[in-house]
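These notes concern the structure reproduced below.
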Amino acid sequence: METRRLYYENVYMKEFHAKVLECREAKKGYHILLDQSAFYPEGGGQPSDIGYLNETEVKEVHEKGEELLHYTDEPLEPGTEVTGRIDWERRFDLMQQHSGEHIVSGLIHEAFGYDNVGFHMGSDIITIDFNGMLDERQMAEIEAKANQKIWENSQVEITYPSPEELKELPYRSKKELTGKVRIVRFPGADICACCGTHVTHTGEIGMVKLLSVVKFREGVRMEMSAGRRVLDYLNMVNEQNHQVSVRLSAKTNQTAAAVQRLWEENFRLKGCVHRMEEEIFANEAAKCAGAGDVLLFQEGLEADSVRKLADAVTKSCGGRCAVFSRNEDGSYKYAMGQADGDLRQLTKEMNRELQGRGGGKPNFVQGSVQTEEKDIKAFFQKITQ
C-alpha cells in the first residue's frame with residue numbers, strides 16, 4: 001500500500017492533510033498507513049520525524065517496502081481525515097546536521113580519498129567514521145573549507161539520473177545501487193546517493209564545527225555539529241569560560257594563561273606538600289619503631305598518602321600497620337601492611353564486619369570502609385586479644 005512521499009516534494013512542509021488507509025495493531029501500539037505523508041521515515045543515518053496526526057502522537061516512522069508506517073499508541077479509524085503536523089524544529093535541525101555531514105564527508109573524500117564508513121546522528125552530536133587517518137590540523141582545514149562552502153549559499157541539487165547518466169557521475173555511495181537512485185549534490189563539496197532530507201541552500205546550514213577526531217578501528221571517528229547546535233555549543237563553551245574567568249579574575253580571552261599559572265602554582269604546592277608529608281611520615285615511622293602492631297588515624301590524606309604512611313611505618317614497627325583517613329562522606333580509606341605477612345584473611349574479615357571493600361598483595365592491602373572510628377578501633381582491639 002504505497003504512500004505519497006510529500007517530504008520529497010516539499011522538504012519544508014510542516015503540516016499536511018491525509019486520509020487513513022489502514023490501522024494495524026502491533027506489538028506496541030498501532031501502525032497507521034496514510035495515502036500521503038510529510039513524515040520522513042528513519043533511514044540513511046537520519047532519525048525519523050515525530051509529530052501528530054490530529055491529536056494522536058506519532059512516535060516513529062518506518063518504511064517497509066512501499067509502505068510508510070506511522071507508529072502510534074492509539075488507533076485511528078480507516079477513512080478518517082487527519083491533519084499531520086511534524087515537529088519542524090527537530091526536522092530542520094536534522095536537515096542542518098545531515099547536510100553539514102555531506103559537505104564534510106565530501107571534502108574529506110576529495111582531499112584524502114577516505115570513505116564515510118559509519119554515520120550516526122545523535123541528539124547532541126554527529127559521529128562519522130572514516131577509513132583513513134586524520135589529525136587535528138587536517139580537521140581544522142576541512143572545517144574552514146566546509147564553512148566556506150556553506151557561506152557561498154549554493155543551491156543544493158537533487159536529481160534522479162538515468163542508469164547511463166549514473167555511470168558517469170563520481171558520486172559517493174556505501175553500496176552498489178540499482179533502480180531509481182536519488183543523487184544529492186552540494187556544489188563544489190559533495191555528490192552522494194542519499195534518501196535523506198536536506199536544506200535547499202547551503203547557507204541554511206549556518207555553520208559546522210568539527211569537535212574531535214580519535215583513532216577508531218582502521219581509521220578515525222570524528223564528532224561534529226552543525227546549524228543551531230553550533231550556537232548552543234558555543235554558548236555553553238562561552239558560559240564555561242566566563243565562569244573560569246570570574247574565578248581566576250582573568251579576562252575571557254586570557255583564561256588559558258591564567259589556568260597555566262594556576263597549574264604551575266598547584267604543581268609547586270604539591271611538591272611542598274609531598275616533601276612535608278615525607279618528613280611527617282618519616283617521623284611517624286621513627287616514633288613507631290619496634291612498636292609491633294600499629295593502628296593510626298590521620299585526617300585529610302589522599303589514598304596515595306595513606307599508602308605511603310602505611311608503607312613507612314610497616315618497615316619500622318616490626319608488626320602490622322593499619323592507617324585510616326576519613327573521607328568527606330564519613331567513610332574511611334585505609335592501607336595496611338605487614339612485612340613478610342599474609343593479610344588476606346584478616347582483610348576479608350575486616351571488610352565484612354566494617355562494610356568495606358579492597359584488597360591487594362598478601363603483605364599489603366588498600367581499600368575503604370563504611371563505618372565509624374570507634375568500630376574500627378573495636379575491630380582491631382578484638383583481633384589482638
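Bear in mind the structure is a predicted one, so any value in this text is a computation, not a measurement.
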Nearest 0.5 Å, please: how far is [atom2] in [Y] from [atom1] in [X]?
X    : Y    : atom1 : atom2 : result
K167 : Y171 : NZ    : OH    : 10.5 Å
T56  : L76  : OG1   : CG    : 4.0 Å
K333 : D304 : NZ    : CG    : 11.0 Å
D293 : I383 : CG    : CD1   : 7.5 Å
Q370 : N327 : CD    : CG    : 8.0 Å
H98  : Q46  : NE2   : CD    : 6.0 Å

[X] side-chain N/O to [Y] backbone N/O, donor-acceptor pair under 3.5 Å:
X    : Y    : answer
D135 : Q138 : yes
D375 : T371 : no
N153 : G203 : yes
T72  : E74  : yes
S305 : L301 : no
E349 : L346 : no
N363 : D340 : no
S325 : Q298 : yes
S316 : V313 : yes
R85  : N54  : yes

Per side-chain hydrogen bond (donor to acceptor under 3.5 Å, both in side chains), E67 is matched among H31, H62, R24 by R24
Would you check if [X] and [Y] make a side-chain contact, meaning some heavy-atom pair closer than 4.5 Å?
X    : Y    : result
D129 : F119 : no
F112 : L134 : yes
T159 : R185 : no
N266 : K270 : yes
F130 : S105 : yes

Can a salt bridge be assigned to the pair [X] and [Y] using a cut-off of 4.0 Å between side-chain N and carboxylate O?
X    : Y    : answer
K315 : D311 : yes
R91  : D87  : no
D190 : R172 : yes
E284 : K287 : yes

Are [Y] and [X] linked, directly or through intermediate hydrophobic residues, by side-chain heavy-atom contacts shorter than 4.5 Å (ILVMFWY only)?
X    : Y    : answer
Y40  : V82  : yes
V365 : L309 : no
Y8   : M95  : yes
I280 : L295 : no
V237 : V244 : no

Got a sec: does the [atom1] of [X] have more than 12 other heavy atoms crowding it under 6.0 Å?
X    : atom1 : result
E239 : CD    : yes
E9   : CD    : yes
E265 : CD    : yes
R90  : CZ    : yes
Q260 : CD    : yes
K308 : NZ    : yes
E218 : CD    : no
R326 : CZ    : no

Requested in this report: Using the six-membered ring wherever Trp is involved, compare the ring planes of F267 and W263 and label them parallel, tilted or perpendicular (cut-offs 30° and 60°).
Outcome: parallel
Parallel, tilted or perpendicular: rings of H198 and H102 (30°, 60°): perpendicular
- Query: Going through the distances and angles, do R320 and F380 end up as a side-chain contact (heavy atoms from CB on, under 4.5 Å)?
  - Reply: CA-CA 11 Å; R320 180 189 63 243; F380 280 94; 4.0 Å; yes
Is the distance between the ring centroids of [X] and [Y] less than 6.0 Å?
X    : Y    : result
Y30  : H70  : no
F281 : H274 : no
Y332 : Y334 : no

Note to self: Pair V58, I50 - check side-chain contact (heavy atoms from CB on, under 4.5 Å), show working.
What the structure shows: CA-CA 5 Å; V58 176; I50 58 175; 5.7 Å; no
Looking only at non-hydrogen atoms, find the nearest pair between [X] and [Y] and report the distance.
X    : Y    : result
E152 : T202 : C-OG1, 4.3 Å
E42  : S48  : N-CB, 3.3 Å
L248 : T255 : CD1-O, 4.5 Å

Next on the checklist: Show, in sequence, the C-alpha distance, side-chain angles and deciding distance for Y12 and T200, and conclude whether the side-chain contact (heavy atoms from CB on, under 4.5 Å) test is met.
Outcome noted: CA-CA 9 Å; Y12 296 98; T200 58; 3.0 Å; yes
Which donor-acceptor pairs under 3.5 Å do side chains of residues 205-217 form with protein atoms, sequence neighbours excluded?
unit_1: S212; atom_1: OG; unit_2: E223; atom_2: OE1; d: 3.2
unit_1: K215; atom_1: NZ; unit_2: R217; atom_2: O; d: 2.9

Verdict with supporting geometry, N116 and E101, side-chain hydrogen bond (donor to acceptor under 3.5 Å, both in side chains): CA-CA 10 Å; N116 175 335; E101 176 271 323; 2.8 Å; yes
Full working for side-chain contact (heavy atoms from CB on, under 4.5 Å) between I32 and L53
CA-CA 10 Å; I32 308 298; L53 295 173; 4.2 Å; yes
Open item on the list: Would K180 pass as a cation-pi partner of Y160, given that its NZ or CZ must be under 6.0 Å from the six-membered ring centre and within 45 degrees of the axis?
Closed with: yes
Note to self: Is the terminal nitrogen or CZ of K377 (NZ for Lys, CZ for Arg) located under 6.0 angstrom from the six-membered ring centre of F324 and within 45° of that ring's axis?
What the structure shows: no
(request) Go through the steps for Q97 and D93 under the test side-chain hydrogen bond (donor to acceptor under 3.5 Å, both in side chains), then give the verdict. (result) CA-CA 6 Å; Q97 307 311 312; D93 169 65; 3.0 Å; yes
